[in-house]
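So the structure is just underneath, and the comments pick up after that.
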Number of protein chains: 2
Amino acid sequence: MPTASDFERLLRGASLRVTAPRIAVLSAVHEHPHADTDSIIGVVRQNLGAVSHQAVYDVLRALTGAGLLRRIEPQGSVARYEARVGDNHHHVVCRSCGAIADVDCSVGAAPCLDASDDHGFVIDEAEVIYWGTCPECTTAAKSS
Amino acid sequence: MPTASDFERLLRGASLRVTAPRIAVLSAVHEHPHADTDSIIGVVRQNLGAVSHQAVYDVLRALTGAGLLRRIEPQGSVARYEARVGDNHHHVVCRSCGAIADVDCSVGAAPCLDASDDHGFVIDEAEVIYWGTCPECTTAAKSS
DNA sequence: TCAGTAACTTGACTCGCTCAAGAAAAGGCG
DNA sequence: CGCCTTTTCTTGAGCGAGTCAAGTTACTGA
């Protein structure tokens, strides 16, 4: 797990000012991958004390814009954030409980970047979401 | 373009009662693929006169649940609906203007259904969203 | 150290959508 | 056909995630 000074380096590398809320948000997302905004606010407040929700929203947007965080929002879920960026991995989402897990790309680094007919669009990213049932929910469904 | 009696048959096939709002919503989505809820409400009201927004929401949910419509909601966009169901096609979304176009699956009918490591999840669907820039926005960006 | 700008606080507000209760109408049955 | 049950629609309030705006605070580079 990276330390506060690692996060500071990340921020400076992105030409962002180093502030306590930013360090705390980065740290929270590293510790809790796929956490929603509310949980992140909770974790940040545990570490820093009072922090406005607006600050967290701002920080999340700044960090996402700078490429330090990635925002994901599967249908029916609120926005979630993760710190694993730049490796083009995907996600599998449980239809039953909403759990999210990481999935490496099965076809190499930048997989399905060719659509069969792209309608003239210039495509720069392919985002894949696998839908299914997580082990816990599968077990629960069988036993019921 | 299907007629009202085609839609009636669709509804009966799904054991749903046949009502004017439902026919109108089905028709609106067929005519305007990828339309958001608000536009659908507008089209429905043009054809039927006064219809409550709640009715449209209910109808959209019923039809989506019955598999007659598909709901898509790319990040940063409100919910949109389309009538093309059951053929596992995907979408390309313009980052600049939000335009959506259909893309057939490049790897066959049910493509990337294997994740490299599925974490024990039972996966039943892979949803792919291509991100890029549409022809109009590409042209606009060059000329500016 | 100081100035200037970026970031944070506070609080109101918007938007998409849902909840709830009652009225209307679809469709099975006599 | 006309009644009865159940589903669907209307009306109107309400909720939650996120945004906007104005003013204060505090990084950072000179």
Side-chain angles (χ1 to χ4, degrees), chain A residues 4-5 7-29 34-45 47-66 68-69 71-81 98, chain B residues 4-5 7-26 28 34-45 47-66 68-69 71-81 98:
Chain A
S5 54
F7 293 136
E8 185 174 339
R9 227 166 292 132
L10 272 176
L11 288 169
R12 293 198 191 281
S15 336
L16 290 170
R17 291 194 178 172
V18 179
T19 67
R22 291 185 171 176
I23 304 276
V25 166
L26 270 177
S27 160
V29 175
H34 311 137
D36 59 56
T37 311
D38 238 43
S39 323
I40 295 171
I41 292 177
V43 174
V44 167
R45 286 190 177 149
N47 295 336
L48 285 191
V51 178
S52 67
H53 73 147
Q54 187 60 32
V56 176
Y57 276 104
D58 282 351
V59 168
L60 286 171
R61 182 156 18 176
L63 297 184
T64 305
L68 299 186
L69 295 182
R71 177 189 176 116
I72 54 182
E73 42 180 304
Q75 299 198 197
S77 165
V78 298
R80 290 161 180 283
Y81 294 85
Chain B
S5 55
F7 292 136
E8 185 174 338
R9 228 166 291 134
L10 272 177
L11 288 169
R12 293 198 191 283
S15 336
L16 289 171
R17 290 194 179 171
V18 178
T19 67
R22 290 184 172 176
I23 304 275
V25 166
L26 270 176
H34 312 137
D36 58 57
T37 311
D38 237 42
S39 322
I40 295 172
I41 292 178
V43 174
V44 167
R45 286 192 177 149
N47 294 335
L48 284 190
V51 177
S52 67
H53 73 147
Q54 186 61 31
V56 176
Y57 276 104
D58 283 351
V59 168
L60 286 171
R61 180 156 22 176
L63 298 184
T64 305
L68 300 187
L69 294 182
R71 177 187 175 118
I72 54 182
E73 41 181 305
Q75 298 197 195
S77 164
V78 298
R80 292 161 181 280
Y81 294 86

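Here is the naming used below: chain letters follow the sequence lines, and residue numbers restart at 1 for every chain.
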Pairs under 3.5 angstrom only: tabulate donor-acceptor contacts from the side chains of residues 52-60 of chain A to other protein residues two or more places apart or in another chain.
from    : atom 1 : to      : atom 2 : distance (Å)
A/Ser52 : OG     : A/Ala55 : N      : 3.1
A/Gln54 : NE2    : A/Asp58 : OD1    : 3.3

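Inter-residue side-chain proximity for A/Val29 and A/Leu68 is flagged as unmet; no heavy-atom pair is nearer than 4.5 Å. Contact check for B/Val18 versus B/Phe7: no side-chain heavy atoms found under the 4.5 Å cut-off. Between A/Val51 and A/Ile41, the closest side-chain pair of non-hydrogen atoms is not below 4.5 Å. For the pair B/Leu26 and B/Arg22, the minimum side-chain heavy-atom distance is 4.5 Å or more. Residues B/Glu73 and A/Glu73 fail the side-chain proximity criterion, which asks for heavy atoms closer than 4.5 Å. Residues A/Leu63 and A/Leu11 form a side-chain contact, since some pair of their non-hydrogen atoms from C-beta on lies under 4.5 Å apart.
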In 5'-to-3' order, the base (B), backbone-only (S) or no-contact (-) status of each nucleotide in nucleotides 21-28 of chain C, using a 4.0 angstrom heavy-atom cut-off, is ----BBS-
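As a whole-Å value, the separation of B/Gln54 CD from C/dA20 P is 12 Å. Note: CZ (A/Arg61) to C1' (C/dA6) measures 15 Å, nearest angstrom. The CD1-P distance, from B/Ile41 to C/dT18, rounds to 12 Å in whole Å. At whole-Å resolution of the value, CG in B/Leu60 and C1' in C/dT18 are 14 Å apart. A straight line from CD of B/Glu73 to C1' of C/dG16 spans 11 Å, rounded to a whole angstrom. Rounded to a whole Å, the CG atom of A/Leu11 is 16 Å from the P atom of C/dA6. Rounding to whole angstrom units, NE2 of residue A/His53 and P of C/dC13 are separated by 14 Å.
Annotation: the span from B/Ile40 atom CD1 to B/Arg45 atom CZ amounts to 12.5 Å, rounded to 0.5 Å.
Put simply, B/Thr37 has a side-chain N or O that comes within less than 4.0 Å of OP1 or OP2 on C/dC17.
Counting 5' to 3', DNA chain D first comes under 4.0 angstrom of a heavy atom of chain B and last does so at the ends given by D/dT6 to D/dG12.
Comparing the helix axis at one end of the helix from C/dT1-D/dA30 to C/dG30-D/dC1 with that at the other, each defined from 5 consecutive pairs, gives an inter-axis angle of 40° (nearest 10°).
Note on A/Ala62: nothing from the nucleic acid sits closer than 4.0 angstrom, heavy atoms only.
Residues passing the salt bridge (charged side-chain N to carboxylate O under 4.0 Å, His left out) test with B/Arg12 are B/Glu8, sequence neighbours excluded. Partners of B/Thr64 by side-chain hydrogen bond (donor to acceptor under 3.5 Å, both in side chains), not counting sequence neighbours: none found.
Closest approach of B/Arg71 and A/Gln75 over heavy atoms only: O-OE1, 3.3 Å.
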